[in-house]
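Only one structure is covered here, and it is reproduced in the block below.
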Amino acid sequence: MDASRLVRPGLLAAAVFLGACGGGITPIQTAYNKGVYLASAGEYAAAIAEYREALLDDPSDLRSMFNLAATLEMEAARLRRLDRLGGASPAGEPLDLVSEARGLYEEILRRVPGHERATQNLAALEWEAGEAEASTERLQRLARERSDLPGPRIALAARALDEDDRAGARRFLEEALGASPTHPDALALLGDLEAREDRFEAAVEAYRKVLVRRPEDIHALTSLGEACLKAGDFAGAEGWLRQALFVFPRNARAHRLMAGLSERNLQWEDAVRHWWEVRSLILAGSEDGSLDEVEDKLDELYRTLLSR
Amino acid sequence: MASYRKTEILSGLFILLALLVFMLFAFKVGRFDFFGLASPDKRILETLLSETATLEPGAKVCIGGFRVGTVDGIRLASREEIDSFMEALDPAVAASAYPDPAAARVLVSFHVEAGHFRKGQRLSLSANESRVLLQQDGFLGTHYLQLDPGSASGPSLFESERDQPLRLPSEDRGLMASVMRELEPTLARVNRLLDKIGDGLLSEANLAQVEAMLPSINRVLDKADRGMEEILILLGDSPRGLRSMILDPASSLVAEMEGTVREAREELNASLYPRARTLLDRGADAANEATATFSRAGSLIDENRAKIDAILSQIEKATDGLRERLDRTEATIQDVGDRLAELLANSNSTLSENRAEIAEIMRSIRRMSWELEIFSRKIRSNPGVFLWGDKEVPLEALPVDAERSRRTGRAAPFDQREENRGR
């Protein structure tokens with residue numbers, strides 16, 4: 001047999017083998033899922049791009065549309081925080097993002113009038129824009145039409161809690177939990193309400209129920225730490241806060257609470273470390289706090305360390 | 001004549017030579033140092049050893065591996081000889097070399113020959129500085145004596161007095177001996193430490209505490225034993241076990257039901273069906289005939305009413321018995337049904353109480369199955385992952401803090417979804 005006749009099929013086989021083994025042929029993750037990942041990692045701009053691509057693939061995908069709108073809001077909030085710190089961002093960009101998000105929510109509601117999440121978020125945007133009556137009417141109408149949806153009731157409860165209408169908040173939360181007894185948002189807000197009324201045991205119970213559904217719920221973990229702290233259980237508070245930071249290290253509220261605990265335990269270096277984390281998060285636009293307050297706190301701790 | 005004499009002379013010389021060689025050989029075998037007679041310059045020495053291993057008379061005596069002498073004799077030393085040997089040594093040297101004088105029982109005498117040393121070379125040995133070591137020639141070889149002159153100075157060995165053998169102490173420098181020397185103080189310290197720990201741990205207070213705990217431990221173990229017994233009884237074949245209380249009665253109920261059904265079927269097959277078949281076969285004529293028969297029977301019945309009443313009452317009794325059995329069976333079925341309903345109700349409440357956890361478990365199972373599907377798709381698309389690994393970064397969404405959105409009444413974004421399963 002002439003060996004040269006084997007060369008061509010041999011090269012072809014080698015090319016197929018190398019092509020198969022040198023890299024993937026079929027993509028295994030969609031733009032939508034990539035967008036969710038990027039948004040969870042705080043890369044809002046990249047997430048927005050992925051969601052837009054997902055909508056180009058399928059313009060009827062309401063999940064991509066909703067997530068795009070929500071991510072636009074998050075990016076707008078981040079840019080506003082950077083503006084307050086004096087960071088450079090194009091003027092008016094946050095407003096553009098918010099108006100685009102509002103348009104997307106309205107589009108979703110045109111296609112699906114009783115869309116729970118879009119109603120909640122659009123109502124929140126209206127409220128923040130000063131359209132309180134329209135916002136409340138939107139939520140109450142959906143709550144009347146759909147007694148099985150906890151979302152509008154949760155939104156009304158959050159608003160009542162913000163206005164310190166505790167009885168109203170409790171009523172809305174009970175209705176929401178009646179529709180969905182294990183809804184994590186409702187349970188978390190219930191925990192916040194109980195903590196505000198200094199009923200720490202009830203607050204802890206509510207937060208623990210959230211963790212049954214979502215073991216890595218950062219709000220619940222951090223709030224459990226705060227509730228234990230206020231109840232005087234410092235060891236328990238430290239445990240919960242450490243867990244919260246393990247799950248989500250960019251948790252400014254947990255860092256503040258841990259800084260307070262460290263100061264209580266006279267662990268000044270740890271306190272400094274936590275305040276530095278808060279400072280970094282503020283500078284990155286991930287946190288709403290005051291940079292001056294944090295830096296004053298750090299100065300005080302440095303003086304304490306030097307005087308030791 | 002001259003050649004004849006020459007031959008005899010040569011033969012005689014050859015015989016003399018052979019005798020000489022034979023004699024030398026005999027002296028060698030008998031370990032008689034023939035040449036030592038002509039060379040009286042040697043020095044006799046003695047040492048005491050605790051054991052000689054494979055050392056034999058005639059073994060070599062070396063300094064630095066170079067043979068300088070021979071072992072003359074090995075024998076057990078008497079008490080007086082041992083005492084005399086120790087007295088000849090410096091007390092400090094004797095104590096260090098022989099911490100247990102009773103263990104040194106073997107007296108070895110050997111000599112060192114001057115002929116092994118070059119002219120002008122001097123060897124100084126002293127009881128205070130020098131030592132005799134028992135060494136082995138290789139791993140399986142015989143033992144010999146090694147002389148360590150130490151830092152001895154003074155007159156040469158062969159110029160000193162020769163009235164008495166020079167007595168040198170022995171030393172065990174084997175590996176085990178040196179290790180034991182190093183270990184002894186350490187072991188002593190460990191012993192002291194263990195004593196201290198023992199005093200601390202095994203103090204009266206601690207022992208009392210342990211003793212006080214034992215009854216509690218015993219009670220706990222007893223309870224556990226009793227609990228295990230109860231469980232075993234429940235699972236076993238005893239009258240109080242599950243089998244006896246539930247399974248056996250249930251199976252006998254089922255058997256009884258089967259028997260009742262079978263009897264009822266047999267009664268049906270035996271009585272009603274044949275009659276019905278017979279009537280149909282005969283048709284109208286049979287009906288007419290039956291009518292005539294019935295009319296005749298009617299008269300018969302009238303005539304034999306008493307007897308017929310008795311027969312009917314018997315049939316009635318049998319029917320009542322069958323009815324009773326059917327009633328019992330129906331009651332049993334009802335009871336089983338009630339129990340089943342109760343069981344279902346309990347499991348339903350259990351399910352509803354743990355709905356959240358069950359939902360979470362289901363969510364985890366769904367997520368795991370999605371990850372397995374992603375992994376299998378990855379392998380199908382790129383089998384080279386097994387060889388070159390996977391450089392793709394996992395893109396599972398990270399935990400997000402929902403506090404801000406919750407407190408503003410917003411809904412969280414949707415989670416990632418399984419791919420290629422429709423929206």
Side-chain angles (χ1 to χ4, degrees), chain A residues 20-26 28-30 32-34 36-37 39-41 58 60-63 66-67 70-71 73 77 116-118 120-121 123-124 127-128 139 151 154-159 161-162 181-182 184-185 188-189 192 209 212-213 215-219 222-223 247-248 250-251 253, chain B residues 351-364 366-367 370-423:
Chain A
C21 299
I25 297 171
T26 308
I28 59 172
Q29 289 186 322
T30 58
Y32 168 82
N33 281 344
K34 284 183 188 171
V36 175
Y37 164 74
S40 72
D58 182 4
S60 66
D61 183 5
L62 293 183
R63 287 196 175 198
F66 177 86
N67 279 15
T71 311
E73 284 192 81
E116 185 185 15
R117 295 192 193 210
Q120 276 181 261
N121 286 20
W127 179 268
E128 287 162 5
L139 290 170
I154 293 171
L156 288 166
R159 199 161 298 168
L161 203 60
D162 192 43
T182 58
D185 293 353
L189 287 174
D192 290 347
K209 284 182 184 174
V212 171
R213 277 283 298 272
E216 294 184 334
D217 192 289
I218 296 152
H219 179 194
T222 312
S223 300
V247 169
F248 187 65
R250 296 180 289 130
N251 187 345
R253 187 171 150 227
Chain B
L351 282 171
S352 59
E353 281 164 14
N354 294 286
R355 194 184 306 163
E357 287 168 2
I358 291 167
E360 186 56 28
I361 291 167
M362 293 305 299
R363 193 185 70 83
S364 302
R366 275 202 298 275
R367 186 137 194 91
W370 178 49
E371 285 174 3
L372 282 172
E373 183 187 340
I374 294 297
F375 179 69
S376 67
R377 290 183 64 210
K378 199 177 284 193
I379 298 299
R380 273 203 304 276
S381 68
N382 182 14
V385 163
F386 284 117
L387 293 174
W388 282 282
D390 180 19
K391 293 187 180 56
E392 284 197 37
V393 177
L395 298 182
E396 186 176 342
L398 303 169
V400 175
D401 189 359
E403 180 186 352
R404 197 175 287 145
S405 63
R406 282 172 182 161
R407 290 188 176 172
T408 56
R410 282 176 166 80
F414 288 100
D415 292 333
Q416 287 175 321
R417 59 195 174 198
E418 289 88 352
E419 296 186 334
N420 294 331
R421 286 200 52 194
R423 297 178 185 121

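Lettering of chains follows the sequences in order, A, B, ..., and the numbering in each one begins at 1.
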Inset, instruction - Look at the side chain of B:Glu403 and the backbone N and O of A:His219, then say whether any donor-acceptor pair between them is shorter than 3.5 Å. - result: no
Legend entry - By ring pair (Phe, Tyr, Trp, His ring centres under 6.0 Å) - contacts of A:Phe66 (at least two apart): A:Tyr105, B:Phe414
Legend entry - Residue A:Arg63 versus chain B: region with a heavy atom under 4.5 Å: both
Legend entry - Per-residue contact mode, A:Leu189 against chain B (heavy atom under 4.5 angstrom): side chain
Legend entry - Any residue meeting salt bridge (charged side-chain N to carboxylate O under 4.0 Å, His left out) with B:Arg406, in chain and number order, not counting sequence neighbours: A:Asp185, A:Asp217
Inset, instruction - Verify the distance criterion only: is there a donor paired with an acceptor across the side chains of A:Arg213 and A:Thr182 at less than 3.5 Å? - result: yes
Inset, instruction - Measure the spacing between CG of A:Leu139 and CH2 of A:Trp127 and express it to the nearest 0.5 Å. - result: 9.5 Å
Inset, instruction - Sort out for me which of A:Leu156, A:Asp192, A:Leu62 touches chain B most, counting heavy-atom pairs under 4.5 Å. - result: A:Asp192
Legend entry - Max heavy-atom pair count under 4.5 Å with chain B, selected residue of A:Ala158, A:Ala70, A:Ala123, A:Ala41: A:Ala158
Legend entry - A:Glu116, part contacting chain B, at a heavy-atom distance under 4.5 Å: neither
Legend entry - A:Arg250 portion near chain B, given a 4.5 angstrom heavy-atom threshold: neither
